[in-house]
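Position 1 is the first residue of the sequence, and the numbers go up from there. Model, not experiment: these values are computed from the prediction.
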Amino acid sequence: MTTLTAIPPQPGTLTVDIEDISMLRDIKKAISMVRGVTKVTVPRRQRMSSYERSLRDLDEGRVFEYESLDDLIKEIEG
């Protein structure tokens with residue numbers, strides 16, 4: 001005697017990388033029209049705090065050092 005057990009299908013996740021962000025709306029619409037797609041979501045980027053942006057500037061070398069405030073003012077004045 002053979003027993004068959006039906007296993008319900010598991011929901012899956014699909015990740016799509018898009019170069020041209022202006023096409024996002026059309027791509028979302030096309031994907032949502034596919035049979036079996038129940039939800040299309042676009043993750044939002046988290047905003048970085050000013051502290052996190054400062055740390056990134058340090059890591060990427062966008063920091064300038066001056067000997068004194070007078071040197072900075074001379075640089076700004078041109």
Inset, instruction - Report yes if the side chains of Ile21 and Leu24 come closer than 4.5 Å at any heavy-atom pair, otherwise no. - result: yes
Inset, instruction - Give the cluster check for Met23 versus Val34: same hydrophobic cluster or not, with ILVMFWY residues linked at side-chain heavy-atom distances below 4.5 Å. - result: yes
Legend entry - Nearest-0.5 Å distance, OG of residue Ser49 to CG of residue Leu55: 8.0 Å
Inset, instruction - Count the heavy atoms belonging to other residues, nucleotides or ligands that lie under 6.0 Å from CD of Glu67, then report whether that count exceeds 12. - result: no
Inset, instruction - Treating Ile, Leu, Val, Met, Phe, Trp and Tyr as nodes and any side-chain heavy-atom pair under 4.5 angstrom as an edge, say whether Met33 and Val40 lie in one connected cluster. - result: no
Inset, instruction - Check step by step if side-chain contact (heavy atoms from CB on, under 4.5 Å) holds for Lys29 and Ile31. - result: CA-CA 6 Å; Lys29 185 176 180 180; Ile31 291 174; over 6 Å; no
Legend entry - Flag if over 12 foreign heavy atoms under 6.0 Å of CZ, Arg62: yes
Inset, instruction - Measure across Ser32 and Val37 and return the closest heavy-atom pair with its distance rounded to 0.1 Å. - result: CA-CG1, 4.1 Å
Legend entry - Interatomic distance, Glu75 atom CD to Ile73 atom CD1 [nearest 0.5 angstrom]: 12.0 Å
Legend entry - same_hphob_cluster(Leu72, Val63) at 4.5 Å side-chain heavy-atom cutoff: no
Legend entry - Nearest-0.5 Å distance that lies between atom OH in Tyr66 and atom CD1 in Ile76: 7.0 Å
Inset, instruction - Identify the heavy atoms of Met48 and Arg53 that sit nearest to each other, and give their distance. - result: O-NH1, 2.8 Å
Inset, instruction - Could you check Ser68 against Asp70 for side-chain hydrogen bond (donor to acceptor under 3.5 Å, both in side chains), going step by step and ending with a plain yes or no? - result: CA-CA 5 Å; Ser68 66; Asp70 292 332; 4.7 Å; no
Inset, instruction - Flag the pair Lys39 / Thr41 as yes when at least one side-chain heavy-atom distance between them is below 4.5 Å, and no otherwise. - result: yes
